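Comments concern the structure below.
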Protein chains: 2
Amino acid sequence: MKATVPVTVAGLKTACSQCNLVELCLPFGMSENELDRLDELVGARRKIKRQQNLYRAGDPFEAIYAIRAGSFKTDVLLEDGREQVTGFQMTGEILGLDGISTELHSCNAIALEDSEVCVIAYAKLEELSREVEGLQHQFHKVMSREIVRDHGVMMLLGSMRAEERLAAFLLNMSQRFTARGFSAAEFHLRMTREEIGSYLGLKLETVSRAFSRFQDEGFVAVQQKHIRILDSAGLKRLIQHQPCGR
Amino acid sequence: MKATVPVTVAGLKTACSQCNLVELCLPFGMSENELDRLDELVGARRKIKRQQNLYRAGDPFEAIYAIRAGSFKTDVLLEDGREQVTGFQMTGEILGLDGISTELHSCNAIALEDSEVCVIAYAKLEELSREVEGLQHQFHKVMSREIVRDHGVMMLLGSMRAEERLAAFLLNMSQRFTARGFSAAEFHLRMTREEIGSYLGLKLETVSRAFSRFQDEGFVAVQQKHIRILDSAGLKRLIQHQPCGR
DNA sequence: GGCTACCGTTGATCCACGTCAAACACACAA
DNA sequence: TTGTGTGTTTGACGTGGATCAACGGTAGCC
């Protein structure tokens, strides 16, 4: 399929084998031979502007997406307009797995900044993963990891207090930035307080107050979306010692 | 479909092709030929007594499990003892998918009643699903469905009020009993109020009060764990019209 | 059949977080 | 520069669900 796309320099750039996100993404753990075959898989790239949808709930499912640059949120909407953010995704992470089950996407994926994704035709992925064991295995791991992550979010939402949730969120972001070679202590959040709140099951005012409290306590320095973590051990302590409340 | 496969008594007992749960379980959508091959896959069965663990967080992951009889809960524990129930599973549903990502189970699976599962060696499943397209596809659907389900739970936990959560829970249970040929209106819950509460992010007293309220309003008749749904439309209405609260 | 432990219900009170409201900060356009 | 809009912070107040406590029902077990 990639051969059918008129390719030049742009085409070259899509090669997974050349991508520095390999170790975060689908190709992780694959041998060089396998990686070469993988390059067949990734067709086009697609640029998504800030605030635009990569896909919407109800869209027919045809492909999954690997984030090459930028970041996204996924959310589900209730008919009465309530929004639940189900996740924030960064480079190297995979979007669209929700669509496999019904062949329709079940949530919305929206770019938090101008972003770019690699389009992975799903039919082709299934085909290739029947031949390439490493790909099959890694794909299963990616899906399973999403399930485990979701269970962690349930823990957050079901059993933790507001400040614990925010602390867990910040530590998680920090860890993911680290994995991408950025500072663990200082980063820029691409989402609003309202989006954080929706993800954490809190109102934006509560998120804002928790940020202020963390700042007062010396855990973090907050300047709008710019976060500096001053005492990550303190944040970790916060998570375990609080009585629940729910 | 069933009639065409001649099997010995011993074979009968494990054969997926003979199982009346086929249309709820992994084999769904597979052709007859494919089903025959599937019978290679399901090794032993295992009986689990009420309150016993099928597996625990931290156990090495080797197999996934299809519930043949009975029901389970899965939960994750925080170090300080807080429990979050991440799901309730019934016959035909698959347990253990969380283990693929790290090759360790990340949650506990506990039988809510004396139960029996089919043990599906994971290595064998990967192998066979490289050969049997229908199995591969169905397996992916099962994983994806779990992800979608989890997003629904996040919606519950993050954006719904106590009574909405319980209404959604009851409707979900009803729908799943229906899919298994049981009454949609009358069923027996195998879990305690505390477990329901943990799943829904509520305290057991709140669950109990919500049940009482539903009974007062004529939505359901509750007698301990025995539930009769009198007005499912009313429950559905409850879910959409309430202002949020969080 | 009666004991005992667990489970469920209900009431009174409390508090974490939601709601409402006002002010501020920053970005971008005219 | 001023305006306009979106996002953030902070305060005052209200409330849904947690907590604490007492009691009643049911099931498992001698």
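Computed over heavy atoms, backbone and side chain alike; hydrogens, waters and symmetry mates excluded. This one's a predicted model, so the numbers in the text were calculated from it and none came from an experiment. First the proteins, then the strands, lettered A, B, ... as listed; each starts at 1.
Contact check, Thr192(B) against dC6(C): no side-chain N or O comes under 4.0 Å of OP1 or OP2. Contact annotation: Lys225(A) side-chain N/O to dG7(D) OP1/OP2 distance is not under 4.0 Å. The phosphate of dG17(D) has neither OP1 nor OP2 within less than 4.0 Å of any side-chain N or O from Thr206(B).
Protein atom CD of Glu113(B) is 15 Å distant from nucleotide atom P of dA27(D), rounded to whole Å. In this structure, Gln51(A) atom CD and dG7(D) atom C1' are separated by 12 Å, rounded to whole Å. For Asp216(A) and dG11(D), the CG to P distance is 10 Å, given to the nearest whole Å. The distance between atom CE of Met160(B) and atom P of dG16(D), rounded to the nearest whole Å, is 16 Å. Atom CD of Gln223(A) is separated from atom P of dA27(C) by 11 Å (rounded to the nearest Å). Note: CD (Glu205(B)) to P (dC20(D)) measures 10 Å, nearest angstrom. In this structure, Arg209(B) places its CZ atom 13 Å from P of dC20(D), rounding to the nearest Å. Summarising the geometry, the separation between CZ on Arg165(A) and P on dA16(C) is reported as 14 Å, rounded to the nearest angstrom.
When heavy atoms are screened at a 4.0 angstrom cut-off, Ser212(A) is found touching the sugar-phosphate backbone but no base atom.
No side-chain donor-acceptor contact under 3.5 Å links Arg68(A) and Thr91(A).
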Steps toward salt bridge (charged side-chain N to carboxylate O under 4.0 Å, His left out) verdict (Arg180(A), Glu23(A)): CA-CA 10 Å; Arg180(A) 281 156 187 79; Glu23(A) 71 267 15; over 6 Å; no

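For the pair Glu93(B) and Arg176(B), the minimum side-chain heavy-atom distance is below 4.5 Å.
With DNA chain D read from its 5' end, the first of the two nearest nucleotides for Ala162(B) and Gln224(B) is the one closest to Ala162(B).
Within 6.0 Å of atom CD in Glu194(A), 12 or fewer heavy atoms from other residues, nucleotides or ligands are found, so the atom counts as exposed in its surroundings.
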